[in-house]
*Asks:* 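Just passing along the structure, written as structure tokens.
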Number of protein chains: 2
Amino acid sequence: MSLKFVLLTLLDRKPATGYDIVREFDDAIGYFWNASHQQVYRELGSMTDSKLLKFKQIKQDDKPDKKLYSLSITGKKALQAWLENPVKIQKNKNLLLVKLLNTNSKNVALMQEELERNISDSDALRNTYLELERNYYSPQQRRTLPAEQVMIYAALRKGILSIEAHLAWLKEVRDLLQQSFGG
Amino acid sequence: MSLKFVLLTLLDRKPATGYDIVREFDDAIGYFWNASHQQVYRELGSMTDSKLLKFKQIKQDDKPDKKLYSLSITGKKALQAWLENPVKIQKNKNLLLVKLLNTNSKNVALMQEELERNISDSDALRNTYLELERNYYSPQQRRTLPAEQVMIYAALRKGILSIEAHLAWLKEVRDLLQQSFGG
DNA sequence: AACTCATATGCACATTGTTGCATAAATTTT
DNA sequence: AAAATTTATGCAACAATGTGCATATGAGTT
């Protein structure tokens with residue numbers, strides 16, 4: 001259901017092939033959405049069947065042929081209609097917390113290892129994000145940021161704020177574990 | 001795949017019926033996991049078929065009969081094995097960001113409305129969480145917190161830190177929108 | 001007596017997501 | 001010349017999840 005609107009959004013911004021979209025998921029869009037190439041191709045196919053999309057077959061000399069998808073009038077209306085109503089707040093699942101729920105006096109060490117691993121992974125990710133921000137969104141660059149790039153930057157900011165909150169939480173849990181189950 | 005380990009975790013803490021588990025998802029466990037009653041009953045069934053769980057049929061005079069599930073030896077081993085290896089970091093999808101990606105000079109007002117709605121909803125949720133913390137996890141109560149309740153508190157802390165980060169981000173985006181598309 | 005609610009469990013179907021496999025043209029590497 | 005990589009698209013099978021419907025007991029309400 002949701003992937004449909006993601007594709008409408010991306011193709012409304014810029015016509016693209018399935019291959020292009022998958023690459024976008026590996027890039028900036030990947031910070032807030034993801035889908036496999038099979039899922040993308042299948043959805044593009046069924047959205048074309050239901051007249052939301054159209055495509056132009058493009059012949060290329062140096063590379064295989066491709067299909068450039070874009071929105072039909074129906075597609076534009078569907079996107080517009082979707083934009084009109086509020087998005088539902090989504091609850092995130094947290095498998096790490098499920099694991100931690102199994103903590104007892106016999107396996108504290110295991111859980112502490114897991115926490116340390118998460119802390120260093122999260123810290124690494126945080127640094128990656130901060131470097132991206134430094135390289136692509138310096139105060140100078142932000143002053144001349146094209147309108148269509150603003151929300152891409154917002155996505156990066158979401159990534160940064162989320163990972164920092166997560167990191168702070170991981171450290172809290174480490175302390176909590178220390179206090180309740182001993183070192 | 002993951003629901004299996006959630007159920008193993010919950011039933012290892014305390015034998016329960018499908019109905020009990022669904023109620024747990026409506027309660028504290030719901031802060032980091034959720035599943036519909038159909039999903040729960042179905043999974044309990046298939047886990048019993050694959051010998052991970054066993055159940056006792058309990059006859060009740062005042063209420064319908066029920067099945068009290070608990071882990072088999074195989075189930076305990078499967079849970080233990082799962083605990084041994086690291087949990088994968090999970091990427092969260094963000095449908096709000098998908099919607100915001102559609103921002104342009106013609107629909108800024110719509111997006112601003114959406115942001116304000118999200119801000120007040122998130123603020124309300126934050127207050128709910130903080131009240132829970134005040135009522136059930138005061139510094140005093142925390143000193144005598146039973147070991148098996150520690151991670152339930154950690155779950156609440158995750159909820160609080162996440163919603164606060166989300167709220168801070170929403171306000172950033174509001175400013176960003178103001179700067180880039182005008183009020 | 002009929003209705004509603006809480007307790008308790010389940011099936012069937014549709015949609016969504018994952019995994020593995022398959023194809024094919026052109027370029028680059030070995 | 002053969003092998004690997006990049007670009008490009010897709011099917012089939014299966015697993016996971018969601019939606020709607022169905023059933024049944026006992027208690028309390030109208």
Side-chain angles (χ1 to χ4, degrees), chain A residues 1-8 10-11 15-27 30 32-50 52-69 78 82 88 90-93 95 98, chain B residues 1-8 10-11 15-27 30 32-50 52-69 78 82 88 90-93 95 98:
Chain A
M1 203 64 240
S2 295
L3 178 60
K4 189 167 90 177
F5 298 108
V6 175
L7 296 179
L8 285 174
L10 294 178
L11 294 174
T17 68
Y19 196 79
D20 294 334
I21 287 168
V22 172
R23 272 188 309 187
E24 284 198 83
F25 286 142
D26 290 334
D27 198 50
F32 59 97
W33 207 271
N34 202 281
S36 66
H37 89 267
Q38 293 87 344
Q39 223 189 320
V40 170
Y41 284 120
R42 192 205 294 155
E43 192 65 31
L44 289 174
S46 78
M47 286 170 75
T48 306
D49 290 347
S50 60
L52 293 168
L53 302 180
K54 53 184 178 175
F55 66 86
K56 239 191 287 183
Q57 188 90 32
I58 309 247
K59 279 174 193 166
Q60 299 184 113
D61 292 338
D62 51 335
K63 291 169 195 170
D65 294 357
K66 62 183 182 180
K67 293 179 178 175
L68 192 72
Y69 287 90
W82 179 69
K88 285 177 201 159
Q90 60 207 342
K91 288 180 190 171
N92 290 320
K93 293 178 178 181
L95 205 54
V98 174
Chain B
M1 203 63 242
S2 295
L3 178 59
K4 189 167 91 178
F5 298 108
V6 175
L7 296 179
L8 285 174
L10 294 178
L11 294 174
T17 69
Y19 196 79
D20 294 335
I21 288 167
V22 172
R23 272 188 308 187
E24 283 197 83
F25 285 142
D26 289 335
D27 196 51
F32 60 97
W33 207 272
N34 202 282
S36 65
H37 86 268
Q38 292 89 341
Q39 220 189 323
V40 170
Y41 283 120
R42 190 199 300 150
E43 192 66 31
L44 289 174
S46 79
M47 287 170 74
T48 307
D49 289 347
S50 59
L52 292 169
L53 302 180
K54 53 185 178 175
F55 68 85
K56 239 190 286 184
Q57 188 90 32
I58 309 245
K59 279 175 192 166
Q60 298 185 113
D61 292 339
D62 51 337
K63 291 168 196 171
D65 293 357
K66 61 183 182 181
K67 293 179 178 176
L68 192 72
Y69 286 90
W82 179 69
K88 284 177 203 158
Q90 60 207 343
K91 288 181 191 171
N92 290 320
K93 293 179 178 179
L95 205 54
V98 174

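Just so it is clear: chains get the letters A, B, ... in the order the sequence lines come, proteins before strands, and each one is counted from 1.
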*Asks:* Quick one: B:K67 NZ to C:dG10 C1', roughly how many Å, whole number?
*Replies:* 9 Å
*Asks:* Would A:D49 and A:S46 count as a side-chain hydrogen bond (donor to acceptor under 3.5 Å, both in side chains) here? Give the steps.
*Replies:* CA-CA 5 Å; A:D49 290 347; A:S46 78; over 6 Å; no
*Asks:* Is there, by distance only and without an angle test, a donor paired with an acceptor across the side chain of A:E43 and the base of C:dG17 below 3.5 Å?
*Replies:* no
*Asks:* For the side chain of B:Q90 and the backbone of A:K93, is there at least one donor-acceptor N/O pair under 3.5 Å apart?
*Replies:* yes
*Asks:* Closest-nucleotide mapping onto DNA chain C: is A:P64 or A:A35 further toward the 5' terminus? I mean the 5' end.
*Replies:* A:A35
*Asks:* Below the 4.0 Å mark, does C:dT7 have OP1 or OP2 next to a side-chain nitrogen or oxygen of B:Y19?
*Replies:* yes
*Asks:* From NZ of A:K88 over to C1' of D:dT19, roughly how many Å is that when rounded to an integer?
*Replies:* 12 Å
*Asks:* Return whichever of A:H37 or A:K63 has its heavy-atom-nearest nucleotide of DNA chain D closer to the 5' end.
*Replies:* A:K63
*Asks:* Indicate, yes or no, whether a donor-acceptor pair under 3.5 Å links the base of C:dT9 to the side chain of B:R42.
*Replies:* no
*Asks:* Donor-acceptor check, side chain of B:Q39 to backbone of B:L3, threshold 3.5 angstrom: yes or no?
*Replies:* no
*Asks:* Under 4.0 Å between a side-chain N/O of B:Y41 and OP1 or OP2 of C:dT9, yes or no?
*Replies:* yes
*Asks:* If you go through the side-chain atoms of B:Q38, does one of them form a donor-acceptor pair with the base of D:dG18 closer than 3.5 Å?
*Replies:* no
*Asks:* Please report the distance, rounded to the nearest Å, between CG in B:D65 and C1' in D:dT23.
*Replies:* 14 Å
*Asks:* Rounded to the Å, how far apart are B:I58 CD1 and C:dT9 C1'?
*Replies:* 15 Å
*Asks:* Toward the 5' end of DNA chain C, which comes first, A:Q39 or B:D20, by nearest nucleotide?
*Replies:* B:D20
*Asks:* Measure the shortest side-chain to side-chain distance between B:F25 and B:V40 over non-hydrogen atoms and say whether it is less than 4.5 angstrom.
*Replies:* yes
*Asks:* Write down the distance between CG (B:D62) and P (D:dA27), rounded to a whole number of angstrom.
*Replies:* 7 Å
*Asks:* Calculate the interatomic distance between B:I21 atom CD1 and C:dA8 atom P; express it in whole Å.
*Replies:* 13 Å
*Asks:* What is the distance, rounded to the nearest whole Å, between atom NZ of A:K59 and atom P of C:dA26?
*Replies:* 13 Å
*Asks:* Taking any heavy-atom pair under 4.0 Å as a contact, classify A:T17: base, sugar-phosphate, or nothing.
*Replies:* sugar-phosphate
*Asks:* In whole angstrom, what separates B:R23's CZ from C:dA8's P?
*Replies:* 6 Å
*Asks:* Please confirm whether the backbone N or O of B:T17 pairs with a side-chain atom of B:D20, one donor and one acceptor, at under 3.5 Å?
*Replies:* yes
*Asks:* Any side-chain N or O of A:K4 below 4.0 angstrom from OP1/OP2 of C:dT16?
*Replies:* no
